[in-house]
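Here is the naming used below: chain letters follow the sequence lines, and residue numbers restart at 1 for every chain.
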2 protein chains.
Amino acid sequence: MREEIAIFNECAKRKGLKSTSQRALILKTFLGSTSHYSTEELYLKIRKNNPKIGYATVHRALKLFAECGIATELDFGDGQTRFEPLRGDQHHDHLVCTSCGSIIEFTEPKIEELQELVAAKYGFKINRHRHELYGICANCTAIASN
Amino acid sequence: MREEIAIFNECAKRKGLKSTSQRALILKTFLGSTSHYSTEELYLKIRKNNPKIGYATVHRALKLFAECGIATELDFGDGQTRFEPLRGDQHHDHLVCTSCGSIIEFTEPKIEELQELVAAKYGFKINRHRHELYGICANCTAIASN
DNA sequence: TTAAAAATGAAAATGATATTCAGAAAGTAA
DNA sequence: TTACTTTCTGAATATCATTTTCATTTTTAA
Ligand SMILES: [Mn+2]
Ligand SMILES: [Mn+2]
Ligand SMILES: [Zn+2]
Ligand SMILES: [Zn+2]
């Protein structure tokens, strides 16, 4: 959190941006969560305590966080771009429950290695990847079998 | 191709749909390609020979093909939904060149196995997945190094 | 202070996708 | 064939997330 704020401030400075209370609030709220927020969702959350904040400001802040490398953009195919704080270099991928919307994060170094091998076979240089498994989570399965 | 047409006809019949020359043409063009078409792209291609065809008709046909299981919807993050013919059960994933837009298809059974293991660990049942590697293809790398 | 630059937020624009609707075409049963 | 019903088509319009515009406010450096 401290670390991400420092990275962001450095990036903002480099870009010649000014610091505002709105952006600080959005950043704090964003970093303080473990969720995968859409602009709309984060906007509504912040709005509860700060009704004066604008949707566009939240939107611009999230895009900026991604540019500065402290957030990643996600797309789980529900028509809304989502954002999550990028903490350090700990990459992870996602299991997405299409029933309840819950997200499980996973890491599998063997998969990461294999995909590098695949890319190497084609002389392809990977910059980023997306690996999402869609299905039904344990909880939803349990509920359905009642 | 024959096979996909048969599957589609069966599905259309089940749904009580009528057969039209437009849909037949769209289907033939779609199946006859190896591309990953967006609605717009397929529309433009068909339009060259058949200027009377409507965009909405192409769009509805592609969605229908996906419903009937002869096409998959893809999203490479460029803001356009793409479609590709689903030939048999041969699943594959994609390498996407962010420089020239070219697509390389790959299959890696070990990755497929590993992702099943990951899901099992969480009691998660996978229905579908998406695994895309974004970066620079060999060709673009070669061009850049000139 | 003052001036310049950036930020905000409401409103409007954009652009891909989806829907509406009136007329056309296809299927069905004499 | 004809009459009738249902589906289809294509142009236009609607929808909806995202992005941009612009008048005003705020920040920052001089
Ligand atoms: Mn995550
Ligand atoms: Mn493919
Ligand atoms: Zn669930
Ligand atoms: Zn390329």
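Taking the C1' atoms of five terminal pairs at each end of the helix from C:dT1-D:dA30 to C:dA30-D:dT1, the two resulting helix axes are inclined by 30°, rounded to 10°.
Taking the six-membered ring where the residue is Trp, the centroids of A:F65 and A:F83 are separated by 6.0 Å or more.
Between B:D78 atom CG and D:dT18 atom P the separation is 15 Å, expressed in whole Å. With rounding to whole Å, B:L25 atom CG is found 10 Å from D:dG10 atom P. A straight line from CD1 of A:I53 to P of C:dA10 spans 10 Å, rounded to a whole angstrom.
When distances are taken from the side chain of B:R23 to each of C:dA16, C:dT8, D:dC8, the shortest belongs to D:dC8. When distances are taken from the side chain of A:Q22 to each of C:dG9, C:dA6, D:dT18, the shortest belongs to C:dG9. When distances are taken from the side chain of B:R60 to each of C:dC21, C:dT17, D:dT18, the shortest belongs to C:dC21. Counting only heavy atoms from C-beta on, B:L17 has its side chain closest to D:dC8 among C:dA4, C:dG9, D:dC8. Minimum atom distance to the side chain of B:A56 is reached by C:dT19, of the listed C:dT19, C:dT8, D:dT19.
Using a cutoff of 4.0 Å between basic side-chain nitrogens and carboxylate oxygens, A:E10 and A:R14 are scored as salt-bridged.
Under the 2.5 Å cut-off for SG-SG separation, A:C97 and A:C137 do not qualify: their sulfur atoms lie farther apart than that.
Between A:S19 and the phosphate of D:dT28, there is a side-chain N or O to OP1/OP2 separation shorter than 4.0 Å. Distances shorter than 4.0 Å separate none of the side-chain N or O atoms of B:T20 from OP1 or OP2 on C:dA25. Contact annotation: B:K63 reaches the phosphate of C:dA18 (side-chain N/O to OP1 or OP2, under 4.0 Å). Listed pair B:T81 / C:dA16 fails the phosphate criterion, with no side-chain N or O lying under 4.0 Å from OP1 or OP2.
Under the side-chain contact (heavy atoms from CB on, under 4.5 Å) criterion, A:R128 pairs with B:T98, B:Y134, sequence neighbours left out.
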For nucleotides 13-15 of chain D, which of its nitrogen or oxygen atoms have a protein nitrogen or oxygen under 3.5 Å away, and what is each distance?
none

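Position along DNA chain C of the nearest nucleotide to B:S21 versus B:Q80 favours B:Q80 as the more 5'-ward residue. Of the two residues near DNA chain D, B:R47 and A:H59, the one whose nearest nucleotide lies more 5' is B:R47.
Judged by distance alone, the side chains of A:H94 and A:E132 never bring a donor and an acceptor atom under 3.5 Å apart.
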